[in-house]
Amino acid sequence: MSTPRIEVDLSKIRHNTKTVVERLKTRGISVTGVTKAVCGHPAIAKAMLGGGTLGLADARLSNVQRLRTAGLTSPITLIRTPLLSQANEVVQLCEASYNTEPVVIAALADAAIRENTTHGIILMVEMGDLREGILPENLATIARHVMNMPGVALKGIGSNFACLSGIAPNASKMAALCDLATETEGACGPFLKTVSGGGSASLPWALGGQSTGRINDLRLGEAILLGVDPVTGDQIGGLYKDAFTLVAEVIETDTKPVFPPANFVDPVLVRLRLVPNSGYTTRLLLAIGHQDTDVSGLSMPSGHSFVGATSDHLIICTNRSPLPVGTEMRFQINYSALMHAMAAPDIETKLLSDRSPKLLRNIQGTSQDLALV
Ligand SMILES: *Cc1c(COP(=O)(O)O)cnc(C)c1O
């Protein structure tokens with residue numbers, strides 16, 4: 001099998017999705033599966049749908065195109081505000097999109113009229129993350145504007161948390177978003193179908209026990225793909241952290257000083273070398289580097305430490321007996337490493353066969369290398 005590759009266990013993604021979907025259902029919240037970290041990979045999207053997501057969402061039109069080309073017909077929402085230059089394609093490929101700019105909404109409306117369709121608009125409201133969004137005081141005006149525009153239909157409002165700021169949403173932010181939904185309805189009439197409370201960072205709030213109010217949708221990527229809370233990095237109970245495994249091959253194994261004698265010019269590189277200078281040790285060179293993934297997002301197998309990386313090499317040291325050249329090493333990865341690896345042309349994606357949920361349950365009971373908590 002070729003390396004480097006990323007192995008994807010579709011049954012674990014389906015399990016993670018189903019578990020979260022069922023928990024959120026009791027709170028009146030449905031899940032939209034976000035495929036951007038896997039570049040709109042159709043089989044992974046199908047695993048999300050199989051786990052019970054209501055629809056799919058992606059930030060890039062190229063990923064949506066990939067899903068449509070593969071024959072997926074479920075609703076797909078564009079969650080990054082559409083590029084003005086792509087209005088036609090957005091209307092052709094997506095049922096709805098998140099929007100913040102009246103000029104873009106007008107272009108979508110024109111395109112929808114030309115296509116003889118109606119495009120759904122969800123207005124993204126800025127609630128403190130300071131990435132995208134309409135300021136709450138401007139929401140009613142823009143909502144009324146959308147209401148009066150043929151070709152588009154106001155479907156809802158949503159917000160985004162913890163993306164730029166890293167700050168998780170709290171109950172008062174969510175209550176404010178619910179109030180805005182009601183105020184928008186008061187100002188311009190229609191019932192808002194969707195009140196979307198954010199991404200994986202909003203899960204602890206949604207499952208936290210307090211009222212979830214009018215929030216009826218979360219857009220989830222990281223939580224169902226990697227089983228972790230993006231704010232804390234902690235594993236979410238009952239979910240697998242290891243649906244994805246990055247596999248790279250050893251191309252050199254030798255004994256060298258951990259630190260080369262030369263002075264480092266770049267202080268960042270010095271800090272990245274986490275290994276104490278313990279003299280000579282066994283080093284492994286692997287055929288993967290910055291061009292393939294975010295190497296700082298790889299979890300080192302036990303007994304191995306990260307030394308450094310360049311564009312095409314990863315250097316690891318170990319206190320174990322050296323692995324021979326040609327050995328495959330397996331790494332668990334974080335969101336950033338996943339996102340980069342899925343987009344890297346030299347990394348092959350290998351899908352592990354989609355086992356039935358029953359079989360997966362059996363495996364949970366027997367295998368020790370599962371990270372199920
Ligand atoms: C990426 C993204 C999401 C999903 O975020 P996760 O942390 O992966 O759940 C949701 N909404 C928007 C607008 C996004 O850009």
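Hydrogens, waters and symmetry mates play no part in the numbers below; they use all other heavy atoms, side chains included. For reference, positions follow the sequence shown, starting with 1. Both counts, for ligands and for their atoms, begin at 1 and track the order of listing. This is a predicted model, so every value here is computed, not measured.
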Kindly list each side-chain donor-acceptor pair under 3.5 angstrom involving residues 329-336, sequence neighbours excluded, with atom names and distances?
| residue | atom | partner | partner atom | Å |
| --- | --- | --- | --- | --- |
| R330 | NH1 | E7 | OE1 | 3.3 |
| R330 | NH2 | E7 | OE1 | 2.7 |
| N334 | OD1 | S336 | N | 3.1 |
| N334 | OD1 | A337 | N | 2.9 |
| S336 | OG | D294 | OD2 | 2.6 |

Below 3.5 Å only, please: the N or O atoms of ligand 1 paired with protein N or O atoms, distance on each line.
| residue | atom | partner | partner atom | Å |
| --- | --- | --- | --- | --- |
| ligand 1 | 8 (O) | E222 | N | 2.8 |
| ligand 1 | 9 (O) | S200 | N | 2.9 |
| ligand 1 | 9 (O) | S200 | OG | 2.5 |
| ligand 1 | 9 (O) | G221 | N | 2.9 |
| ligand 1 | 11 (N) | R219 | NE | 2.9 |
| ligand 1 | 11 (N) | R219 | NH2 | 3.3 |
| ligand 1 | 15 (O) | K36 | NZ | 2.7 |
| ligand 1 | 15 (O) | R131 | NH2 | 3.1 |

Q | Under the side chain to side chain donor-acceptor pair (under 3.5 Å) test, residues paired with K18 that sit two or more places apart | A | E22
(Q) So, using side chain to side chain donor-acceptor pair (under 3.5 Å) as the criterion, who are the partners of T69 when residues are at least two apart? (A) Q65
Q | Working for side-chain contact (heavy atoms from CB on, under 4.5 Å), residues L93 and L78 | A | CA-CA 9 Å; L93 294 170; L78 196 66; over 6 Å; no
Q: Decide yes or no for I105 and L123: does some side-chain heavy atom of the first lie under 4.5 Å from some side-chain heavy atom of the second?
A: yes
(Q) Is it true that, when you exclude N116 itself, more than 12 heavy atoms of the residues, nucleotides or ligands shown sit nearer than 6.0 Å to its CG? (A) no
